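Counting convention: from 1, in listed order, for ligands and their atoms alike. In what follows, residues are counted from 1 in the order of the sequence shown. Source: prediction; values computed, not measured.
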Amino acid sequence: MTTTVFHPGWVLWMTGLSGAGKTTIALELDRQLRARGVRTERLDGDVVREGLTRDLGFTKEDREKNIDRVTFVAKLLSRNNVGVVCSFISPYKAMRDHVKKEVTNCIEVFIDAPLEVVESRDVKGWYKKARAGEVQNFTGINDPFEAPELPDIHVRTDQLSLEESVAKIISYLEVNHLIPTANA
Ligand code: ADP
C-alpha cells in the first residue's frame with residue numbers, strides 16, 4: 001500500500017492547443033504522483049464536458065463558463081491540500097488569470113507544440129474537420145489561442161519525450177516544495 005505524504009494543495013493548470021499533449025501528460029503525471037503517495041485529482045476538458053459542463057459549447061462565453069465551473073472545483077480541492085492536475089485548452093489569458101486569482105498555489109504550464117505538429121498528430125480528427133469548415137470555433141484554426149507569455153513551466157512536446165515532459169513538471173513541484181522529493 002502507498003503511504004500518503006504531506007504536501008500543500010496546488011493546481012497545475014495545463015493550457016495549450018488540442019493535441020499538444022495535455023491529457024497524455026496529465027495521465028502519466030497523475031500516475032507517477034499517486035505512486036509517490038501524493039493526493040491528486042485530475043480535471044480534464046473532454047471529461048468535464050461530458051458531465052459538469054455538458055450544457056456548454058465553444059463560444060467565448062461558454063468557454064468562460066466552462067473554466068469558471070472547473071475553477072470552482074479546483075479551488076475547493078486545492079485549499080484542502082489536494083494537488084489538482086488540470087488539462088484545458090483555456091485559450092484566453094483573462095480566464096487563466098482568473099484561475100490564478102481563485103485557486104491555491106496555481107502553476108501555469110504551457111503544453112506547447114507548433115500548429116503544424118499538432119495538426120499532423122490530429123489525435124481526434126478535429127483539425128481536418130476544422131480545415132474543411134465542418135467545425136466552427138476550433139482553437140488555432142478558426143478561433144484564437146492567446147499563448148502564455150510567462151508560464152511557470154514551458155513544455156515543448158515536439159522537442160521532449162513524454163517521460164522528459166513529465167519529469168520537468170515533477171522537478172518544478174519538488175524544487176518549489178509542493179511535493180516531497182523522491183525517496184525523501
Ligand atoms: P491534448 O490533451 O493536448 O489535446 P493529447 O494528450 O490528447 O493532447 O494528444 C497528444 C498527442 O501527442 C498524443 O498522441 C501523444 O502520444 C503525442 N505526444 C508526442 N510527444 C508528446 C509529449 N512529449 N508529451 C505528450 N504527448 C506527446
**OP:** Check the pair Val11, Cys86 against side chain to side chain contact (heavy atoms under 4.5 Å, CB included), reporting the backbone distance first and the verdict last.
**Re:** CA-CA 7 Å; Val11 174; Cys86 297; 3.9 Å; yes

Original post:
So, does Gly16 sit close enough to ligand 1 that a heavy atom of it is under 4.0 Å from the ligand?
Top reply: no

**OP:** Counting heavy atoms only, name the option from Thr15, Val123, Leu160, Ile25 that's nearest to atom 9 (O) of ligand 1.
**Re:** Val123

Original post:
Does even one non-hydrogen atom of Ile89 get within less than 4.0 Å of ligand 1?
Top reply: no

Original post:
Cation-pi between Arg49 and Phe58: NZ/CZ under 6.0 Å from ring centre and within 45° of the ring axis?
Top reply: yes

Subject >> Glu164 contact mode with ligand 1 (heavy-atom cut-off under 4.0 Å) >> reply: neither

Original post:
Any N/O of Gly19 closer than 3.5 Å to an N/O of ligand 1?
Top reply: yes

Subject >> For Leu17, atoms of ligand 1 separated by under 4.0 Å from a heavy atom >> reply: 3 (O)

Original post:
Quick one: does ligand 1 sit under 4.0 Å from the side chain of Ser161, the backbone, both or neither, non-hydrogen atoms only?
Top reply: backbone

Original post:
Quick one: does Lys128's side chain get under 4.5 Å of Glu134's, heavy atoms only?
Top reply: no

Original post:
So, are Arg69 and Asp55 salt-bridged, with charged N and O less than 4.0 Å apart?
Top reply: yes

**OP:** Just do the salt bridge (charged side-chain N to carboxylate O under 4.0 Å, His left out) check on Glu146 and Lys93 with the steps written out, would you?
**Re:** CA-CA 6 Å; Glu146 298 171 0; Lys93 181 179 180 299; over 6 Å; no

**OP:** State plainly whether the residues Lys100 and Asp97 are in salt-bridge range, i.e. N to O under 4.0 Å.
**Re:** yes

**OP:** Could you tell me whether Lys22 approaches ligand 1 through its side chain, its backbone, both or neither, with non-hydrogen atoms closer than 4.0 Å?
**Re:** both

Original post:
Which residue holds the protein heavy atom closest to atom 15 (C) of ligand 1, what is that atom called, and what is the gap in Å?
Top reply: Thr24 OG1, 3.9 Å

Original post:
Got the closest protein heavy atom to atom 19 (C) of ligand 1, with its distance?
Top reply: Arg121 NH2, 3.5 Å

Original post:
Salt-bridged, Glu164 to Lys168, with N to O below 4.0 Å?
Top reply: no

**OP:** Could you tell me the residue and atom name of the protein heavy atom closest to atom 7 (O) of ligand 1, and the distance to it rounded to 0.1 Å?
**Re:** Lys124 NZ, 3.8 Å

Original post:
Transitively linked via ILVMFWY side-chain contacts under 4.5 Å: Ile179 with Val155?
Top reply: yes

**OP:** Any atoms of ligand 1 less than 4.0 Å from a non-hydrogen atom of Thr157? List them with their elements.
**Re:** 20 (N), 21 (C), 22 (C), 23 (N), 24 (N)

Original post:
Would you say Gly21 and ligand 1 have an N/O pair spaced under 3.5 Å apart?
Top reply: yes

Table please: side-chain donor-acceptor pairs of residues 17-24 below 3.5 Å, with sequence neighbours left out.
residue: Lys22; atom: NZ; partner: Gly16; partner atom: O; Å: 3.0
residue: Lys22; atom: NZ; partner: Leu17; partner atom: O; Å: 2.8
residue: Thr23; atom: OG1; partner: Asp44; partner atom: OD1; Å: 2.7

**OP:** Mind checking whether Asp158 contacts ligand 1 via backbone (N, CA, C, O), side chain (CB onward), both or neither, at a 4.0 Å heavy-atom cut-off?
**Re:** neither

